[in-house]
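Heads up: the structure comes next, in structure tokens.
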Amino acid sequence: MTAGFPGWRTVALPAGAGLVLATGQAPLGWVWIAFPALCLLIHAVARAQGRAAMIWVAWGGGFAYFCATLGWIVSPFFVDPVRHGWMAPFALLGMAAGMALFWALAGWAASMSRHHALAFATALGAAELARGYVLTGFPWALIGHMWIDTPFAQLAAYVGPSGLTLLTLLVAAVPIITYRWAGPIVGVAAVAAFAAGTARLDLPPGPPRDVSLRLVQPNAEQHLKWDPDQARIIFDRQLALTAAEPVADLTIWPETALPYLLDRTPEVGQMIADAAQGNPVIVGLQRVDGTRGWNSMALIAPDGTMAQHYDKWHLVPFGEYIPFGDVAYDWFGLQAFASQLGASYAAGSGPAVMDLGARLGTIIPLICYEAVFPQDVNAAPDGANWILQITNDAWFGTLTGPWQHAAQARFRAIEQGLPLVRVANTGITAVYDAHGRVVQDIPFGTAAALDLPAIPGALPPPPYAHFGEMPVLMLLAGLALGLIAAQRRKVA
């Protein structure tokens, strides 16, 4: 593993740049310091001496970056610190080291080109795109996410967050590619991108949907959520928030908000319907059928029954299921990890839309982690009027995780041109317009309800909603071919 290691002094600079680059992510959003750090990191890789050094420098920058951005990953282990707390540092360091391998691969690819800076920017853009797909994907903390509170974020409507990451990397590499023209190229690119983003922000959305929503945030701490005594207190809190006058046309509870199985306690469904005075309620719950269970979103009808449901299908590896757990049972008889025996959640059937009727419209339902994946939202059937994400951000701590999760969800609104309603158990409960801007929100860490008089209007489907990653793949292919051609000319 240490073969060709260039020494700590060589790796220290890119690692420091990686740490500073992390400040561009939510909740800080310090793009004014993060972008120069990215330029410095690319410079360090491009100037490294030899292939092994370039790989190590790239890996070191990535490792530091992911240690900083993924710090929230230790939080689930401290829900039960006596049993699981010892695992926290290993989880963070292991995750950061694994994610940094994508950056190391980009360093290796760049080492085979004479144009190190451009090659590394291109390869890292490809690696970050791949990170969202490989082994079910984990596109958390993409470099392009740092632009969420700027007009540059609107470019995601055309090329998605991976495309925005690639464009950011290319601009950051320009000062190293050619010093003479660096200023004009960066300046023109920045002005053009800012103008395009600002122009899209000026696009007027369609008329709002004239229905009222109530978003219920119970603020249940994770270690109390399933405690039998606390469960009823939290449930009653949600009922009280739902029943407050005037009752909304649709009330929405967060992920796994219901601590009971609806089919085994039908009176619970009736209590929810009564609190809403006959209006529909969307509830996050666990659904069981035989020996299988699902993390689900259900629409509770006026009679207290489940009118329709959506089952989460993009599950968290090792958190909601064990990879190949069912295969291990079918082949070897191992029962501990099989979803078919109730040892983990089963996956739903895939991306979907839920039709809530003529007044409420159709929604793209997302449960927690699913909002991180632009390709999954893009794969949902056409015709949705808005996006609904329910989540339990208590798993993500209180410092960075909930803010990063919400920032990534906002990109789904931009990419689809649809308003996003986000309801959290605790964390960030908010409504965003079709440009990803905050319309209303609930203060962090409070038990409250947010009343929305109308659902914001939608924009026409942007290019990303039609073409997905295709423009980014075409740009990557063009850059790769250009680098190969330049390499051959140099050799000749």
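Computed from a prediction, not measured in an experiment: that's the story for all the values here. The basis for the numbers below is simple: all heavy atoms, side chains too, and nothing from hydrogens, waters or symmetry mates.
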Among residues two or more places apart or on two chains, list those pairs meeting side chain to side chain donor-acceptor pair (under 3.5 Å) that have a residue in residues 6-34.
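Listed by first then second residue: Gln25-Tyr65.
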Holding to side chain to side chain donor-acceptor pair (under 3.5 Å), I want the full list of residues that pass it with His314, two or more places apart in sequence or in another chain.
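His314: side chain to side chain donor-acceptor pair (under 3.5 Å) contacts with Asp376.
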Looking at every heavy atom in both Asn425 and Pro254, which two are closest together, and how far apart are they?
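Heavy-atom minimum between the residues: N-CB, 3.3 Å.
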For the residue pair Trp59 and Phe63, categorise the inter-ring angle as parallel (less than 30°), tilted (30 to 60°) or perpendicular (more than 60°).
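Correct class here is parallel.
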Please work out whether the ring planes of Phe35 and Trp147 are parallel, tilted or perpendicular, with thresholds of 30° and 60°.
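It falls in the tilted class, 30° to 60°.
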Under 3.5 Å, is there a donor-acceptor pair between the side chain of [X] and the main chain of [Y]?
{"X": "Arg131", "Y": "Pro139", "answer": "no"}
{"X": "Thr165", "Y": "Gly125", "answer": "no"}
{"X": "Gln404", "Y": "Thr69", "answer": "yes"}
{"X": "Glu415", "Y": "Pro374", "answer": "no"}
{"X": "Gln440", "Y": "Val438", "answer": "no"}
{"X": "Gln389", "Y": "Pro365", "answer": "no"}

Once side chain to side chain contact (heavy atoms under 4.5 Å, CB included) is applied, do any residues pair with [X], and if so which ones, sequence neighbours excluded?
{"X": "Asp311", "answer": "Arg287, Trp294, Ser296, His309"}
{"X": "Pro351", "answer": "Trp313, Ala379, Ala380"}
{"X": "Pro14", "answer": "Leu41, Ala44, Val57"}
{"X": "Ala88", "answer": "Val74, Phe77, Phe78"}

Atom [atom1] of [X]: over 12 foreign heavy atoms under 6.0 Å:
{"X": "Phe90", "atom1": "CZ", "result": "no"}
{"X": "Phe194", "atom1": "CZ", "result": "no"}
{"X": "Met112", "atom1": "CE", "result": "yes"}
{"X": "Met474", "atom1": "CE", "result": "no"}

Between Asn219 and Thr426, a side-chain donor and acceptor under 3.5 Å
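Yes - a donor-acceptor pair under 3.5 Å links their side chains.
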Ignoring hydrogens and angles, state whether a donor on the side chain of Glu469 or Tyr464 is under 3.5 Å from an acceptor on the partner side chain.
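The criterion, which ignores hydrogens and geometry beyond distance, is satisfied for Tyr464 and Glu469.
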Determine which pairs satisfy salt bridge (Lys or Arg N to Asp or Glu O under 4.0 Å) with at least one residue from [range], sequence neighbours left out, and list them in order.
{"range": "residues 417-428", "answer": "Asp393-Arg422"}
{"range": "residues 147-158", "answer": "Asp149-Arg410"}
{"range": "residues 69-79", "answer": "none"}

Just jot down the salt bridge (charged side-chain N to carboxylate O under 4.0 Å, His left out) partners of Arg437, sequence neighbours excluded, or say none.
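Arg437 satisfies salt bridge (charged side-chain N to carboxylate O under 4.0 Å, His left out) with Asp433 only.
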Can Ile148 and Ile414 be said to form a side-chain contact (heavy atoms from CB on, under 4.5 Å), step by step?
CA-CA 10 Å; Ile148 185 59; Ile414 297 170; 4.2 Å; yes
Given the rule in the side chain to side chain donor-acceptor pair (under 3.5 Å) test, do Asn295 and Glu255 qualify, once you have shown the distances and angles that lead to the verdict?
CA-CA 8 Å; Asn295 184 355; Glu255 179 189 16; 2.8 Å; yes
For a side-chain contact (heavy atoms from CB on, under 4.5 Å) check, start with the C-alpha distance between Ile428 and Trp403, then their side-chain angles and the critical distance, and finish with the verdict.
CA-CA 7 Å; Ile428 299 175; Trp403 307 98; 3.1 Å; yes
Listed partners of His405 passing ring pair (Phe, Tyr, Trp, His ring centres under 6.0 Å), at least two apart
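Residues passing ring pair (Phe, Tyr, Trp, His ring centres under 6.0 Å) with His405: Trp140, Phe396.
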Show your working on side-chain contact (heavy atoms from CB on, under 4.5 Å) between Ile364 and Arg412 and close with a plain yes or no.
CA-CA 11 Å; Ile364 298 176; Arg412 306 297 84 84; over 6 Å; no
Donor-acceptor pairs under 3.5 angstrom involving side-chain atoms of residues 153-163: please list them, not counting sequence neighbours.
from	atom 1	to	atom 2	distance (Å)
Gln154	OE1	Arg200	NH1	2.7
Gln154	NE2	His435	O	3.0

